[in-house]
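Only heavy atoms go into these numbers, but all of them, side chains included; no hydrogens, no water, no symmetry mates.
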Amino acid sequence: MAITTAAFESEIRNLQNEVHQVLMGAVKSQDASSAKRIEAMKAITTQDWQTAAHAMLMSRRTSILEALSDDSLEAVAFGHVDVRGALLRAIDLTDEHAAQRTVQKIAARRLNLDIDEHASSLHSMEVGLVHDALLEAYVSGAKSRNV
């Protein structure tokens with residue numbers, strides 16, 4: 001959905017107001033460190049503020065890196081570990097596990113098994129076996145409806 005020019009300009013005014021309010025709070029602060037900080041900020045160029053904002057956005061987007069050990073972080077930094085690839089593999093694996101849980105729930109329902117009582121056996125079923133069990137349950141159910 002495209003945003004209208006008026007809506008965009010309105011959003012920019014709201015964001016400008018937010019920045020203004022934050023800066024007003026910083027300027028109104030009366031302690032000595034705030035005065036030094038304000039003086040330092042006055043020397044920062046618009047380009048520097050933009051660069052800092054980009055860096056802050058990237059830092060927020062990649063905050064998961066904080067959970068890594070120094071060795072792992074160095075491996076990422078030197079290109080030995082592909083974080084994007086690892087993330088996509090983790091997502092795929094999570095999706096696969098969710099699909100497997102769904103199939104197990106269907107198998108338990110179709111085979112009239114209490115999932116809590118038979119959780120370990122359902123968990124250890126291979127996907128092919130679960131598929132076969134579902135197909136068998138479906139075929140036998142279809143045969144019983146046709147008799």
Side-chain angles (χ1 to χ4, degrees), residues 1-138 141-142:
M1 181 171 134
I3 187 170
T4 65
T5 301
F8 176 77
E9 289 172 354
S10 174
E11 182 64 18
I12 293 299
R13 281 191 300 274
N14 289 338
L15 296 172
Q16 287 171 335
N17 185 46
E18 177 186 349
V19 171
H20 176 74
Q21 293 301 319
V22 169
L23 292 173
M24 285 296 293
V27 171
K28 287 182 179 180
S29 181
Q30 299 296 319
D31 61 46
S33 66
S34 293
K36 288 180 185 177
R37 201 170 54 237
I38 298 302
E39 282 303 311
M41 288 192 306
K42 286 174 25 180
I44 299 173
T45 67
T46 298
Q47 181 64 43
D48 290 340
W49 282 111
Q50 290 172 346
T51 301
H54 284 288
M56 181 69 71
L57 285 170
M58 184 57 76
S59 176
R60 289 180 181 177
R61 289 182 189 138
T62 60
S63 64
I64 191 71
L65 293 174
E66 294 173 10
L68 297 178
S69 69
D70 287 348
D71 290 341
S72 294
L73 199 53
E74 286 179 12
V76 170
F78 290 111
H80 300 299
V81 174
D82 177 9
V83 175
R84 186 172 190 279
L87 172 64
L88 295 177
R89 283 191 304 278
I91 291 168
D92 288 345
L93 187 58
T94 301
D95 290 346
E96 183 181 311
H97 287 171
Q100 186 176 7
R101 281 190 301 275
T102 300
V103 167
Q104 288 171 347
K105 287 177 185 176
I106 293 168
R109 188 177 69 240
R110 292 282 179 104
L111 299 172
N112 294 321
L113 296 174
D114 179 355
I115 198 160
D116 294 326
E117 188 177 315
H118 296 89
S120 61
S121 59
L122 284 172
H123 179 72
S124 64
M125 278 186 177
E126 299 209 14
V127 173
L129 295 175
V130 172
H131 178 266
D132 291 346
L134 286 173
L135 186 57
E136 181 181 326
Y138 174 77

Worksheet item: For Glu74, which residues count as a side chain to side chain contact (heavy atoms under 4.5 Å, CB included) partner, sequence neighbours excluded?
Response: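 Counting only residues at least two positions away or on another chain, Glu74 forms a side chain to side chain contact (heavy atoms under 4.5 Å, CB included) with Phe78.
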Worksheet item: Who passes side chain to side chain contact (heavy atoms under 4.5 Å, CB included) against Arg61, sequence neighbours left out?
Response: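 If we apply the side chain to side chain contact (heavy atoms under 4.5 Å, CB included) test to Arg61, skipping adjacent residues, the hits are Leu57.
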Just how far is it from atom [atom1] of [X] to atom [atom2] of [Y], taken to the nearest 0.5 Å?
X: Leu23; Y: Ile38; atom1: CG; atom2: CD1; answer: 7.5 Å
X: Glu9; Y: Gln16; atom1: CD; atom2: CD; answer: 10.5 Å
X: Leu88; Y: Leu93; atom1: CG; atom2: CG; answer: 12.5 Å
X: Trp49; Y: His54; atom1: CH2; atom2: NE2; answer: 14.0 Å

Discussion item. Donor-acceptor pair, distance only, cut-off 3.5 Å: does the side chain of Ser10 make one with the backbone of Ala6?
Written reply: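 Between the backbone of Ala6 and the side chain of Ser10 there is no qualifying donor-acceptor contact (under 3.5 Å).
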Worksheet item: Is the backbone N or O of Gln47 less than 3.5 Å from a side-chain atom of Thr51, with the two atoms forming a donor-acceptor pair by type?
Response: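 Checked: pair present.
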Worksheet item: How about Leu15 and Glu11: do any of their side-chain heavy atoms sit closer than 4.5 Å?
Response: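 The answer is yes; the side chains approach within 4.5 Å.
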Item to complete: Of all the heavy-atom pairs spanning Asp82 and Gly85, show the shortest one and how long it is.
Response: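 Heavy atoms of Asp82 and Gly85 come nearest at OD1-N, 3.2 Å.
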Worksheet entry | Where Ser34 and Ala26 come nearest, the two heavy atoms and their spacing |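 Smallest heavy-atom distance, with atoms named: CB-O, 4.4 Å.
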Item to complete: Could you pull out all residues at least two apart from Lys42 that satisfy salt bridge (Lys or Arg N to Asp or Glu O under 4.0 Å)?
Response: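 Partners of Lys42 under the salt bridge (Lys or Arg N to Asp or Glu O under 4.0 Å) test: Glu39.
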Discussion item. Is it true that Ser33 and Asp31 share a donor-acceptor pair across their side chains at a distance under 3.5 Å?
Written reply: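 Side-chain D/A pair, Asp31 to Ser33: present.
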